[in-house]
Amino acid sequence: MSACSRDEWMTVAAARQLQGRSVCFVGIGLPSAACNLARLTHAPQLVLIYESGAIGTRSDVLPLSIGDGELAETAACVVPLPEIFSYYLQAGRIDIGFLGAAQIDRHGNLNSTVIGPYATPTTRLPGAGGAPEIALHARQVLVMLRASPRSFVERLDFRTSAGYLDGHGARARSGAPGGGPRAVITDFGMLTPHPLSEELQLTALFADATVDEARAAVGWPLAVAERIDTIATPSTHELDTLHALNARTREAHARPVRIPL
Amino acid sequence: MSACSRDEWMTVAAARQLQGRSVCFVGIGLPSAACNLARLTHAPQLVLIYESGAIGTRSDVLPLSIGDGELAETAACVVPLPEIFSYYLQAGRIDIGFLGAAQIDRHGNLNSTVIGPYATPTTRLPGAGGAPEIALHARQVLVMLRASPRSFVERLDFRTSAGYLDGHGARARSGAPGGGPRAVITDFGMLTPHPLSEELQLTALFADATVDEARAAVGWPLAVAERIDTIATPSTHELDTLHALNARTREAHARPVRIPL
Amino acid sequence: MILPLSDAIERFVSDGASVALEGFTHLIPFAAGHEIIRQRRRELHLIRMTPDLIYDQMIGMGCARKLTFSWGGNPGVGSLHRLRDAIEQQWPRPLELDEHSHAGMAAAFCAGAARLPFGTLRGYLGTDLPAHNPNIRRVACPFTGEMLAAVPALNPDVTIVHAQRADQAGNVAIEGILGAAREAALAAKTLIVTVEEIVDELPPAMNAIVLPHWIVSAVVPCRGGAYPSYAQGCYARDNAFYRRWDAIARERASFLAWMDEHVLGTHDHHAFLAGLQQADA
Amino acid sequence: MILPLSDAIERFVSDGASVALEGFTHLIPFAAGHEIIRQRRRELHLIRMTPDLIYDQMIGMGCARKLTFSWGGNPGVGSLHRLRDAIEQQWPRPLELDEHSHAGMAAAFCAGAARLPFGTLRGYLGTDLPAHNPNIRRVACPFTGEMLAAVPALNPDVTIVHAQRADQAGNVAIEGILGAAREAALAAKTLIVTVEEIVDELPPAMNAIVLPHWIVSAVVPCRGGAYPSYAQGCYARDNAFYRRWDAIARERASFLAWMDEHVLGTHDHHAFLAGLQQADA
């Protein structure tokens, strides 16, 4: 295989999590790349839904925004956004939801709202968007987030969306219908929840990453599973497909737009 | 003018109540004829909405059912039925709603549910349909109903939809947003609510009808206004237009349908 | 999954199930209703805003224990005689009613589609319906304190709708008047769609009405499946049949004879239509 | 009623009004936002799921007292620096926040469109948002007792949306991604629609997206009115402009200089676009 960046490795690792005809609620950035990579390689039947209202898109390039025109043109249909959230997400019709965040804690709870106090933040982040209800309703959640002690924190400044809350079944007791975060895909490998405590533990590493690197990147004492899998190096097919997708996307986004005068 | 039936006279009288760009929630039968007659004569800008979801229809023939194909084909748009009731009717976007019924009382309350007790009716009628919320939300309601002591009754067997309830402001006190029945158009003329008591009183007669005829047809002691208007005889233009509409309709409905084998 | 109609009904519609055959005047799934009659399903809880001829037939043939509805007439013609006979004379068996207004049923289907336990509307004021239906309650707005009407969500065990076309993957495209068919479809635990035709691929639809494949349990090819109702762009409503039904259904004997000959006596919808065509000729 | 943009804003958007410029990535009414800035409206309560560049500009220019929103970033690029500066440093003035999730705002627009006082959702569980927003409450299902989230209806004094076309009567046709624009339009007390073109008559639309004329207060002809957002079938999103905005808006001085030159310094949207075109050349 050719050399690949950690972003590419994360994208490939996430794509591999997607199988068959799963219905994916897709966010912009790495999740969008991962979903489309899966669709273009091993999972052509994957159904991609964007919160803007596009259902079953088969875009040839990645959108920069969540509502780009390519999404509408290649969709099975486009519905009003409120229906995406009520008739699809809330109705339990989403298999896999993707989330990112600025902070994550050991139980997979996420913050994308503020750093510092809510009323007087040191850094105001974009906010919740679809996250609270994706976290609540999707059958499974995949979190994609680069690790550092500033992002993998002991204590969130604000809980925007629920992972396993305080763990040990707290999420299920809260009445959340969805299953919670199945995996956190980060730039050293993958964390998954312990079956009982629901604390995230290191269960897989990229071939060129180490446990020490993982521990250094995480702001809490990282639990390490007894057995750590190695995430197979991206194949040539995976990388070629991803490179071509990214190249098409760059080319499309660089195309000058005629100002509509 | 040519001779005309009481049904035709009722239709013409109702059509004359419709002006300008009023938005009409149309039922099947006489109301549909009245609205389309108005649209084809003095009120070409009238907006007709059918509960099936058709908005702004300009059908060339009258529908037999409330969801005929002509309605969809000639509509400004077709929306899901729930939106008709929530985004249009409940949102206060209907100027005039038409209602019929099996029974009406002196305050314009209507029964289209049962004759006899609800659990053991002697005659089961079709039921409410859109009536309760049309009665509640339309800015004004026009009732079209042939009169007889069996239909204009002292006491309803069942109140399906609200007119002025017990009168004397009871409807407004109940919180009903719409204005209630502006007029009852029947086969001797027109009843309208007294401004204070809100009891229906005889305020207009067809040219060939009498107060005695009206009294005989109404099952309660009919109040008669001090001044009774005469409803102008249908004009040749009105009658010709209505006859042509009915002829087109008969012709269209008689056209044999190919069984889709 | 693409199934023949008889297999779809056999597999998904059980005795005692709650079943909604939706479609408002347009796209009423008559063929599916007839197949339910042929398979002699019993104790069904039938759900439909406007029972129409198809539920008149199913009720008259004894399929139903309960009816959730909002307007039970033959549009533009008059009564549904079999529905009336069931309510007035308990023939062929008693029928429990869960009676609403259109606005209430629409709110209940929308709540069902959204998997909320109840729907809210500003409705049912000044009507006797709530006095006879414990499924019509009140809820207070947590901001203004205003009291509003509430209805429980409708989530049929099985919803059956008819549509113009589906693709091989099971995506369904609907054109024309919808009534509450889309919401009833989305509210279903199991969704069966009978279609006029199955095509290789639907064109990209943009804002058109599509039921995506993964909410559809079975697609059933069934040309003419909405007749004597209609399918926009395919065939017109047979208004004359709706008028004729009034005489057929008025008496029990003539009703039973007609059902025997045309529904029980035919093997499938194609034979049903062929029989009617012959009778017309 | 067909009006020029400046007249529509002058007539319908008052200081202190609640104003929703909706459109999700697609059809964002930039021209209308710029005209509000030119007319120096103040104390507005801005409402938008995704404030996007247009509210970054309006907030940075001091038009807003309050913001109802659910996601405030530059999609695919990063922060909205003017929004951040308003919240973090109260520049140019403090900004009150009414912060929701997308699902909550969608429910609030739907309730507004239906003129219900509140919307219901199964949401806001396990999040700190309700602790900071008294507009997120709970309501009990009157049938099951289940507690659900409730949000107050959004009924903006003025909603402004952009669309591809309208006819002379004022009917508006929209194609492509809708976001919550349709519900925001239906929820408005006053609805202004800027359009790419006005045609004599729209074709019969069947199931397409139409805002009928009598819910539209004013139609404004405004070619390019969504730029740098896009109008499906007319022009593409200028992703490069969205990227460039990050640098323009990062500092107060560069932001003000850009707004002075391109918005305050131009007479209307045509001049705004012409100025950008010149800068590009």
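Sequence lines set the chain letters: A, B, ... in the order given, protein chains first and strands last, and positions in each chain run from 1.
- In terms of heavy atoms, D/V139 sits closest to C/A140 at CG2-O, 4.1 Å.
- Among residues two or more places apart in sequence or in another chain, the side-chain contact (heavy atoms from CB on, under 4.5 Å) test is passed with D/L125 by A/L136, D/R138.
- Between D/H213 and D/D167, every side-chain heavy-atom pair lies at or beyond the 4.5 Å cut-off.
- Looking at D/R122 and D/E146, a side-chain N of the basic residue comes within less than 4.0 Å of a carboxylate O on the acidic one, giving a salt bridge.
- In terms of modelled atom types and a separation under 3.5 Å, the side chain of D/D238 and the main chain of D/F241 share a donor-acceptor contact.
- Taking both residues in full, the closest heavy atoms of D/A17 and D/D157 are given as CA-OD2, 3.5 Å, listed atom of the first, atom of the second, then distance.
- At distances below 3.5 Å, at least one donor-acceptor pair connects side-chain atoms of C/T159 with backbone N or O atoms of C/A184.
- In terms of heavy-atom pairs under 4.5 Å with chain C, the best-connected choice from D/A153, D/A150, D/G176, D/P134 is D/G176.
- Per-residue heavy-atom pair counts under 4.5 Å with chain C were compared for D/L178, D/L148, D/T144, D/I177, and the maximum is reached by D/L148.
- Residue C/A208: no heavy atom, backbone or side chain, is found under 4.5 Å from chain D.
- With contacts defined as side-chain heavy-atom distances shorter than 4.5 Å, the pair C/V210/C/V172 does not qualify.
- A donor-acceptor distance shorter than 3.5 angstrom exists from the side chain of C/T127 to the backbone of C/L129, with no hydrogens or angles considered.
- Residues of residues 196-203 of chain D lying within less than 4.5 angstrom of chain C, judged on heavy atoms, are absent.
- Across C/L154 and C/A187, no two heavy atoms sit closer than the pair O-CB, 3.3 Å.
- Annotation: residues 217-231 of chain C contacts chain D through no residue [non-hydrogen atoms, separation under 4.5 Å].
- Contact annotation for C/L121: only backbone heavy atoms (N, CA, C, O) come within less than 4.5 Å of a heavy atom of chain D.
- Between C/Y242 and C/L53, some side-chain heavy-atom pair lies under the 4.5 Å cut-off.
- Along residues 101-120 of chain C, the residues that come nearer than 4.5 angstrom to chain D, judged on non-hydrogen atoms, are C/R115, C/L116, C/P117, C/F118, C/T120 in order of number.
- Classification of D/K66 and D/E43 as a salt-bridged pair fails, no side-chain N sitting under 4.0 Å from a carboxylate O.
- When atom types are taken as modelled, the side chain of C/Y55 and the backbone of C/I47 share a donor-acceptor pair closer than 3.5 angstrom.
- The shortest non-hydrogen separation linking C/Q232 to C/Q164 is O-NE2, 3.0 Å.
- Put simply, the side chain of C/L46 does not reach to within 4.5 Å of the side chain of C/F69, judged on heavy atoms.
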